[in-house]
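Read through the structure below, which is laid out as C-alpha cells, and then see the notes.
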Amino acid sequence: MKLHKSYTDQVALLKSRGLIILDESQAAKVLETVNYYRLSGYLHEFKKDGEDCYIDGLSFEKVLALYHFDAKLTRVLMYALEDVEESLKTRFSYELSSSYPLEPLIYLDGKVYRNQSEFLRFKAMFDKSKKDNSQLPFVKHHIENYNGDLPVWVAVEIMTMGNIHKLYNNLKGCHQKAIAKAYNTGSVQMKSWIENLTYTRNHLAHYMRIYDYSFGRTPALCAKHPQMTQTGRIFDQIMAIGYMFSSQEEWKDYVVPEIKKLINEYSEYIDLEDIGFVEGWENLLLSI
C-alpha cells in the first residue's frame, strides 16, 4: 500500500513522471483542494504505453483544465437530470393515480406489478425510507393525520430515481407503455433510458470523471429518434436526457447553449471524441 505524500511530494512525483509544471507552488496549492487521486484520473489516457510516465508536452495546466471542464459539465447535466427525475416521478404517479382514481395507495398494491417478489422488496425498502424521512414536514403531516399513508403523488417525493427505475421495470405492460408514450418512445427503450440515466445520475452525483470515460452502456436506440448515438461516452446519455427533458424551449435556450459555451471555453484542451461528441453534435441536440 502506498504511503502519505505531502503536497510538495505529490508535485515532485508528477514532475518525475514527465508532467510539465511551471509553477510548483501554485500546483501544490491546487492539490490542497483537489485530491491528487482524483486529478490523476485525468492523466491515465496520457501515459506512454507500458511506462509509468506521461507523453511529451503534457502540462499541469491542461490536466487542471480537464478537471474544471468536467466539474462544470457535471453541474449542467445534473440540472437537466433533476428535471428528468422530477418529470419521471410525476408521470409515474399520474399514470397510476389516473388509472385508479379511488386508490391513492395503488403503488402499494401488487396488482399493478409483474413480479410479486420484487414488489415485496420495494415495499420493505419504502417502509424503511418512510421511517428514515419521518421528520420531513410532508411525511410528518401524513403520519399525524393519515395514519402514515402516503398517496402515490406524495410517496414519489421520497423515492430515488433508482426506485422509479425498479418500479417501472416491474409495472404491468399497459402502465409501462403509457409512461413511455409520454416520452415518444416504447417501453423497451424507456426501461433502458431510465436505467442508463439512473446510473449516470449516480455517477455525476459522486463527481466521477466524465472526460475520456466509457460508461460501458448506452441507451437503447429508438426508431422514432433515428439520430441517437452509441459511442459509449457521455454524449449518448446527453441525447437520452434531451428526449426526456420536460421543456424543449429550455433545452434549446439554456441546456444546449451552456454545453456549447463550455466546449468553446475549453476547446484548447479537450478532444470531442473523448466525450463522444460527434460531428454536428449541436444540431443533433437542438433537433431533439
Side-chain angles (χ1 to χ4, degrees), residues 38 41-42 44-45 66 69-71 73-89 91-92 114-115 118 121-122 125 159-171 173 176-177 179-246 251 255-256 259 262-263 270-281 284-285 287-288:
R38 176 170 173 76
Y42 297 90
H44 291 314
E45 71 160 322
L66 295 180
F69 171 77
D70 246 21
L73 182 57
T74 291
R75 286 195 285 271
V76 174
L77 297 184
M78 282 299 290
Y79 171 83
L81 278 165
E82 286 170 7
D83 173 273
V84 170
E85 181 174 351
E86 183 59 29
S87 76
L88 192 56
K89 287 179 177 180
R91 283 172 168 150
F92 172 86
R114 301 167 183 258
N115 185 302
E118 287 293 324
R121 274 193 284 273
F122 161 73
M125 176 282 304
M159 293 182 193
T160 65
M161 196 161 173
N163 298 151
I164 297 295
H165 165 228
K166 290 180 180 178
L167 286 176
Y168 181 84
N169 279 4
N170 200 25
L171 279 177
Q176 288 184 345
K177 289 176 183 177
I179 294 170
K181 186 177 180 181
Y183 295 101
N184 194 30
T185 192
S187 57
V188 172
Q189 288 79 12
M190 189 86 276
K191 289 179 187 177
S192 171
W193 294 6
I194 297 173
E195 178 183 18
N196 271 267
L197 296 188
T198 298
Y199 175 87
T200 300
R201 188 195 183 289
N202 291 339
H203 184 88
L204 298 183
H206 290 90
Y207 303 101
M208 304 292 283
R209 179 165 53 93
I210 301 173
Y211 190 81
D212 194 38
Y213 180 80
S214 175
F215 280 76
R217 65 187 73 209
T218 189
L221 298 177
C222 176
K224 295 179 180 179
H225 305 293
Q227 62 270 56
M228 290 186 74
T229 60
Q230 288 193 313
T231 67
R233 306 282 174 153
I234 190 64
F235 188 73
D236 304 340
Q237 311 296 325
I238 294 174
M239 290 287 285
I241 293 170
Y243 290 124
M244 295 184 69
F245 197 78
S246 64
W251 176 258
V255 179
V256 176
I259 293 172
L262 282 175
I263 286 177
I270 63 173
D271 184 337
L272 291 180
E273 288 187 6
D274 284 336
I275 46 176
F277 276 53
V278 296
E279 186 175 352
W281 66 266
L284 280 179
L285 293 183
S287 71
I288 289 174

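Quick caveat: nothing in here was measured; it's all calculated off a predicted structure.
Under 3.5 Å, the side chains of Tyr183 and Ser87 contain a donor-acceptor pair of N or O atoms. Remark: the Tyr42 side chain and the Asp70 side chain contain an N/O donor-acceptor pair separated by less than 3.5 Å.
A pairwise comparison of heavy atoms in Ala205 and Met78 identifies N-SD, 4.0 Å as the closest pair. Between Ala220 and Met228, the closest heavy-atom pair is O-CE, 3.5 Å. Closest non-hydrogen pair, Thr218 versus Thr229, comes out as OG1-O, 3.8 Å. Considering all non-hydrogen atoms of both residues, Tyr168 and Ala180 come closest at OH-CB, 3.7 Å. Gln189 and Cys222 get closest at one heavy-atom pair: CG-CB, 3.9 Å. Looking at every heavy atom in both residues, Ile241 comes nearest to Val84 through O-CG2, 3.8 Å.
Here the side chains of Phe69 and Leu262 are in contact, with some heavy-atom distance below 4.5 Å. You'll find the side chain of Thr185 stays beyond 4.5 Å of the side chain of Lys224, heavy atoms only. Residues Met208 and Asn202 are not in side-chain contact: their nearest non-hydrogen atoms beyond the backbone lie 4.5 Å or more apart. Put simply, the side chain of Asn184 does not reach to within 4.5 Å of the side chain of Tyr243, judged on heavy atoms. You'll find the side chain of Met190 reaches within 4.5 Å of the side chain of Met244, heavy atoms only. Residues Ile179 and Leu171 meet the side-chain proximity criterion, which asks for heavy atoms closer than 4.5 Å. Contact annotation: the side chain of Phe277 approaches that of Ile259 to within less than 4.5 Å [non-hydrogen atoms, C-beta and beyond].
Using a cutoff of 4.0 Å between basic side-chain nitrogens and carboxylate oxygens, Arg233 and Asp212 are scored as salt-bridged. In summary, Arg121 and Glu118 engage in a salt bridge, as defined by a charged side-chain N under 4.0 Å from a carboxylate O.
The line from CH2 of Trp251 to CG of Asp83 is 9.5 Å long, rounded to the nearest 0.5 Å. Note that CG of Leu73 and CD1 of Ile234 are 6.5 Å apart. Values are rounded to the nearest 0.5 Å. With values rounded to the nearest 0.5 angstrom, Thr231 atom OG1 is found 9.5 Å from Ile275 atom CD1. Annotation: the span from Ser287 atom OG to His225 atom NE2 amounts to 10.5 Å, rounded to 0.5 Å. Here the OG atom belonging to Ser214 is positioned 11.5 Å from the CG atom belonging to Asp274, to the nearest 0.5 angstrom. The distance from the CG atom of Leu77 to the OG1 atom of Thr74 is 6.5 Å, given to the nearest 0.5 Å.
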Next item on the list: Step by step, work out the side chain to side chain donor-acceptor pair (under 3.5 Å) result for Arg114 and Gln176.
Entry: CA-CA 11 Å; Arg114 301 167 183 258; Gln176 288 184 345; 3.0 Å; yes

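Judged as a salt bridge (charged side-chain N to carboxylate O under 4.0 Å, His left out), the pairs with a partner in residues 198-209 (not counting sequence neighbours) are, in order, Glu85-Arg201.
Under the 3.5 Å distance criterion, the side-chain polar atoms of Lys181 are left unmatched by any main-chain donor or acceptor of Gly186.
No more than 12 heavy-atom neighbours from other residues, nucleotides or ligands sit within 6.0 angstrom of NZ on Lys166. No more than 12 heavy atoms of other residues, nucleotides or ligands lie within 6.0 Å of CD in Glu273, so this atom counts as exposed by the packing criterion.
Checked against Asn196 for a side chain to side chain donor-acceptor pair (under 3.5 Å), the options His165, Gln237, Lys191 give a single hit: Gln237. For the side-chain contact (heavy atoms from CB on, under 4.5 Å) test with Val256, the passing option among Leu285, Ile238, Leu284, Val76 is Leu285; the others fail.
Taking the centre of each ring, Tyr213 and Tyr211 stay at or above the 6.0 Å mark. Side-chain rings of Trp281 and Phe235 stay apart, their centers remaining 6.0 Å or farther from each other.
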